[in-house]
Amino acid sequence: MDVRTRRLLFLAAPGLAFLFVFLFLPLVSVVVYSFWRTASYEMIAEWNVDNYVTLLTEGTYLTFLWRSLVMATVVTAVSVVYAWPVAYLIAKHGGRYKLILVLLTAAPFLTGEILRITALQQILGPIGVINMGLTSFGIAPVEALMYSSTATGIGLSYLWMPFMVLAVYLSLLNFDFELMEVAKVNGARPLRAFIEIAWPLNRAGTAIGCVLVFIPTLGSSVTSQFLGGPNGALYGNILAHQFGATGTWALGSAMGVVLFGLSALLIALVVRVVGDFRRSGLTMSGR
Amino acid sequence: MTEAVLRLEGVTKRFGTVVAADSVDIEIGREFFSLLGPSGSGKTTMLRIIAGLEVPDLGNVRIEGRDVTRQPPYRRGVGMVFQDFLLFPHKTVAENIVFPLRMQGVPPAGRAEALGWITDLVHLKGLEGRFPHQLSGGQKQRVALARGLVSRPKLLLLDEPLANLDRELRKEMEVEIRRFQLELKIPFVYVTHNQEEALTMSDRMAIMRDGRILQVGGKLDLYHHPDLAFVAGFLGAPNVFEGKVTGLADGLAIIDWQGYPLQARAKGGLAVGQRAVCFVKSEKIELFAGTGQGRVDGVLRDAIFKGQYADYLVHLAGAREVTVSGPPRAELFAPGRPVSLSWSAEDGDAFPAGG
């Protein structure tokens, strides 16, 4: 090994060690467990694929997986639609307050996750601000907001929105807003200018935001546990269940591997879609 | 000038306390018109008002007679070329060029035809499939010009389009841009702080300072007959002499400078006894070897050979140094030798000092 290689290895060592201990080892153990089986709260090292067979054949697991996929898709879409104007406004008109404004969107993170969800309960629940307000005017409360999938969706959107805002905002920091003027002088109405210029040039950033929102939403459990009500369980709740009450670690591991596989698939898909760097404008050399 | 395509009437625009446009009136026909002024004089704001990117506080903008003051940019049918090119980085050369046509709803066949025509005109054949980052600076500027011209706009606005190009390329593009204007007969409004560009290409030009138009006219007229001290001092490479007016006759003034009676055209209501500044352009001064009666004496400090001509730096009385441009003459490439200068009275312009 020459000096250069040794120096590179030395510099990379802390990072590699971190990844090895906290990513690679747990991942490998989860994959290994998923091919074992559990009996009376004990892991038994017998290689088999029963867990995966169970996941594919027993309808409940697929139903919950499907439900989580729909939820994650809707939450991601809502985040894109909601976060874009916020990020655009801050990036374009935030001036020297830009950074503060963006950090403000993440202000709820100053408290814990449970606290934030509980706060949402105070707003959406049967004795929450909205429904109490409505009933005090003699109007019927909105059922959909109380312990429902809608409530879970609102909660998840609220929890992960800051990541989308941040991703789009960071992308827009590199965006040349003058290009929008160029488009308008050349005959593009504002919406057309957005579709032709702002959107494609920030596609990569938006895609990163989508990944950051989609993946944690897909595996989430706490939000639906608090806001979803008795019939609002998601894939994450069932997964958590395997490691808790039922103690079926092997099946839970298999569920985790499925989640990991889907996430990896999504990232690969995103890279494919926005991977053409010439079309992403990341080279930023129109000038 | 034929009929006015663009007319600005009392256009005023303030940004806080800064007056970027101060009741500007201009009429521009099918010509090459330059707005020339130092940076911060409000030229770019004027262009943005014409394009519709800024709305003036007061006054009107008329294009082909129609009041467009409050119309958004996408309804004005104006082309624009920017200093930083501002090509769309995610679109190819062809897509950049036909963008205005697509926005106007021109069908693909029409777009392809226009693309062929314009790439021919601006010499971009063969580069249609490239992306902006694969182009040189000069090619980018050609794409920007093509995009500005492809829809045959009512007028083309150019905001210092050559500022980012090197000197050689700039000279080449000056000629090209002028050619496009002559061929298409579209009015070009060209903003620059570079007088060489303005003088090379323009039919007429306006000198701007602090949001105001100081003087408008044909380029030769402006160059040779400045109405204001600022214009006289801005165009060309003038030498400045300041002294007291000792006599006035037939529109000419005699100014006492270091004991020499200098002659110049009297402008701006010059009166005897007043202090005056006198501008003489470097190429209008004649340089003689040795001293001479009725000429200003000096010592040649340096002669700078430029090829077709030479700049002679002459040290005069009162630690004054002037530049004289003229044909390179071997006997004058001798620093330290005594020389003398003179110019005809019509080649100097005298204005009241401090005006």
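Labels below follow one simple rule: chain letters A, B, ... track the order of the sequence lines, proteins then strands, and each chain is numbered from 1.
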Are there more than 12 heavy atoms of other residues, nucleotides or ligands under 6.0 Å from atom CH2 of B:Trp117?
yes
Answer key: most heavy-atom pairs under 4.5 Å with chain A among B:Arg75, B:Gln104, B:Arg102 is B:Arg102
Atom CG of B:Leu86 and atom CE of A:Met180: how far apart are they, to the nearest 0.5 Å?
13.0 Å
Tell me, for A:Arg189 versus chain B, whether the close heavy atoms (under 4.5 Å) come from the side chain, the backbone, both or neither.
both
From B:Leu87 CG over to A:Leu179 CG, what is the distance, rounded to the nearest 0.5 angstrom?
9.0 Å
Of all the heavy-atom pairs spanning B:Ala51 and A:Val185, show the shortest one and how long it is.
CB-CG2, 4.3 Å
Counting only heavy atoms not in A:Phe109, do more than 12 sit closer than 6.0 Å to its CZ atom?
yes
Can you check side-chain contact (heavy atoms from CB on, under 4.5 Å) on A:Leu201 and B:Phe88, steps first, answer last?
CA-CA 9 Å; A:Leu201 283 176; B:Phe88 303 129; 5.9 Å; no
To check you understand the geometry: which heavy-atom pair defines the closest contact between A:Gly187 and B:Tyr74, and what is its length?
C-CB, 3.5 Å
Are the side chains of A:Ile197 and B:Phe99 in touch, meaning some heavy atoms are under 4.5 Å apart?
yes
Could you state the interatomic distance from NZ (A:Lys184) to CZ (B:Arg76), rounded to the nearest 0.5 Å?
13.0 Å
With a 4.5 angstrom heavy-atom cut-off, is it the side chain or the backbone of B:Arg147 that approaches chain A, or both, or neither?
both
Might you confirm whether atom CZ of B:Arg179 has over 12 heavy atoms from other residues, nucleotides or ligands at distances under 6.0 Å?
yes
Restricting to non-hydrogen atoms, name the atom on B:Met103 and the atom on A:Ala188 that form the minimum distance, rounded to 0.1 Å.
SD-CB, 3.6 Å
Distance in Å, B:Asn96 CG paired with A:Asn186 CG, rounded so as to fall on 0.5 Å steps
9.5 Å
Counting only heavy atoms not in A:Tyr82 (residues, nucleotides, ligands), do more than 12 fall under 6.0 Å from its OH?
no
Whether over 12 other heavy atoms sit under 6.0 Å from A:Phe177 CZ
yes
A:Phe64 CZ: over 12 foreign heavy atoms closer than 6.0 Å:
yes
Do the side chains of B:His90 and A:Arg203 get nearer than 4.5 Å, heavy atoms only?
no
Should we count CD of B:Glu113 as having more than 12 external heavy atoms under 6.0 Å?
no
B:Met80 and A:Glu181: side-chain contact (heavy atoms from CB on, under 4.5 Å), yes or no, with the steps?
CA-CA 10 Å; B:Met80 192 160 174; A:Glu181 292 192 337; over 6 Å; no
Please look at A:Ala193 and chain B and tell me whether the side chain, the backbone, both or neither of the residue comes under 4.5 angstrom of a heavy atom of that chain.
neither
Atom CZ of B:Phe15 with >12 non-hydrogen neighbours under 6.0 angstrom
yes
